[in-house]
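Here, residue 1 is the first one in the sequence, and each next residue gets the next number. All ligand and atom numbering here is 1-based and tracks the order in the structure.
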Amino acid sequence: MTLEEALALDAADPLAPCRDRFVQGEGLIYLDGNSLGQLPRATIEATGELVRVAWGEQLIRSWNEGWIDAPARVGAMIAPLIGAEADEVIVADSTSVNLYKLIVAALRQAQQRDPARKVVVSEAGNFPTDLHIAEGAVAAVAGAELRVVERGALADALGADTALLLLTHVHYKTAERFDMAGWTKAAQDAGALVCWDLSHSAGAVGVDLNAAGADLAVGCGYKYLNGGPGAPAFLYVAKRWQDLLHNPLSGWMGHAEPFGFADGYAAAAGMKRWLTGTPSVLGLGALESGLALWDGIDMAQVTAKSAALWDIFHAAGTAAGLECVTPQDPVKRGSHISFRHAHAYEIVQALIARGVIGDFRDPDILRFGLTPLTLSHADIWSAGQMLIEIVESGEYRRPEFAVRNAVT
Ligand SMILES: Cc1ncc(COP(=O)(O)O)c(C=O)c1O
């Protein structure tokens with residue numbers, strides 16, 4: 001691909017106008033929107049107003065003017081991006097905390113149905129928090145166990161003792177994507193529930209939880225949804241489970257009547273029971289304005305552009321001699337691309353020094369997020385050229401690029 005060809009793709013790109021809706025750093029090509037999404041311009045104004053007026057002037061009155069309903073309202077904005085009904089999604093806490101709530105709830109429900117169902121099955125190499133939280137969740141439920149196996153052994157790990165299959169839909173390192181419908185069916189055929197971590201899927205690829213018949217899901221607000229650093233996360237519970245699953249972190253915001261101030265807990269109906277404490281209003285405000293950008297966006301166009309960006313960067317990485325660890329088939333991957341190289345860390349640092357921001361995942365992965373709303377084809381072409389130059393010239397060998405940062 002030439003620069004002229006990339007520019008021609010930009011000229012014909014229906015998503016090109018979206019780029020200007022985000023703050024774009026001077027001389028920066030940001031390929032990390034799969035880790036921290038870019039700042040939407042509208043968020044500056046919206047959060048400023050939230051702080052100045054809703055908090056500064058309206059103070060506590062704002063709870064009755066939109067704050068108290070924000071978790072459900074913002075959840076409803078995420079629903080179309082993940083194939084859910086508006087009343088199947090709520091925004092709360094972090095992905096880690098939501099995982100804990102759903103895993104414990106699923107384990108307790110499964111044991112009520114059949115005491116022999118006590119195992120959570122997950123994949124070795126899943127995102128660490130999913131495994132760490134699952135470890136903590138099984139420790140909180142008498143008799144429960146965690147079974148972590150390689151991807152190839154997952155099918156055999158499901159059986160009469162399985163309560164829950166916990167999978168990350170798009171792998172954080174390799175971008176490999178599970179067949180959601182197929183694995184949901186496999187879990188359910190074994191009598192288990194399935195919980196999908198959509199952190200690298202929501203806003204990255206088309207997701208249809210209800211078409212797949214999924215039971216539970218969680219995901220991050222700060223990646224492709226552009227909710228800002230540490231944005232609150234979402235959780236999904238299919239309608240058929242909503243009365244049957246209970247939040248183990250039973251706090252007053254999940255109570256049927258929080259302002260009844262009763263001593264005893266009575267779970268709210270629907271998704272509200274998944275709230276625990278007071279919602280993070282500033283975080284919700286930023287996420288809400290990030291999500292507003294998705295209104296009217298055609299996910300088919302996002303998917304097509306992601307594939308086009310991927311092809312350009314894949315060609316560059318391959319020309320630079322890097323080994324691509326992401327599947328070639330677009331339906332088998334998310335919207336990031338990862339390469340393996342013995343000097344992955346140094347190459348990423350050399351790219352950052354030139355204004356191309358990707359990230360490094362231990363031990364040897366270079367990872368680049370290809371976010372169709374914020375990037376042009378020409379951006380990806382230029383980043384690819386820099387990657388080739390850095391590798392071919394050995395520029396990455398400069399000693400300063402070997403200095404390890406705390407966050408990689
Ligand atoms: C698959 C996956 N799950 C969960 C998380 C993070 O969860 P939390 O927001 O609770 O830190 C990440 C973060 O990168 C992730 O990639």
With the criterion set at N/O pairs under 3.5 Å, what does the list of contacts between the protein and ligand 1 look like, atom names and distances included?
from	atom 1	to	atom 2	distance (Å)
ligand 1	3 (N)	Asp130	OD1	3.4
ligand 1	3 (N)	Asp197	OD2	2.7
ligand 1	3 (N)	Ser199	OG	3.4
ligand 1	9 (O)	Tyr222	OH	2.7
ligand 1	10 (O)	Thr95	N	3.4
ligand 1	10 (O)	Ser96	N	2.8
ligand 1	10 (O)	Ser96	OG	2.6
ligand 1	14 (O)	Lys223	NZ	2.6
ligand 1	16 (O)	His200	NE2	2.9

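One finds a salt bridge joining Lys185 and Asp189 here, because a Lys/Arg side-chain nitrogen approaches an Asp/Glu carboxylate oxygen to under 4.0 Å.
Side-chain contact of Trp381 with Ser376: a donor-acceptor pair under 3.5 Å is absent, judged by distance alone.
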Could you give the side-chain donor-acceptor pairs of residues 141-161 under 3.5 Å, partners two or more places apart or in another chain?
from	atom 1	to	atom 2	distance (Å)
Arg147	NH1	Ala157	O	2.7
Arg147	NH1	Asp161	OD1	3.4
Arg147	NH2	Asp161	OD2	2.6
Arg151	NE	Glu123	OE2	2.7
Arg151	NH2	Glu123	OE1	3.2
Arg151	NH2	Glu123	OE2	3.3

Q: Verify ring pair (Phe, Tyr, Trp, His ring centres under 6.0 Å) between His343 and Tyr396, making sure each step is shown before the conclusion.
A: CA-CA 8 Å; His343 296 283; Tyr396 66 87; 5.5 Å; yes
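Listed here is the closest heavy atom pair of Trp196 and Asp179: CH2-O, 4.3 Å.
Cation-pi geometry between Arg367 and Phe360 is not met at under 6.0 angstrom from the ring centre and within 45 degrees of the axis.
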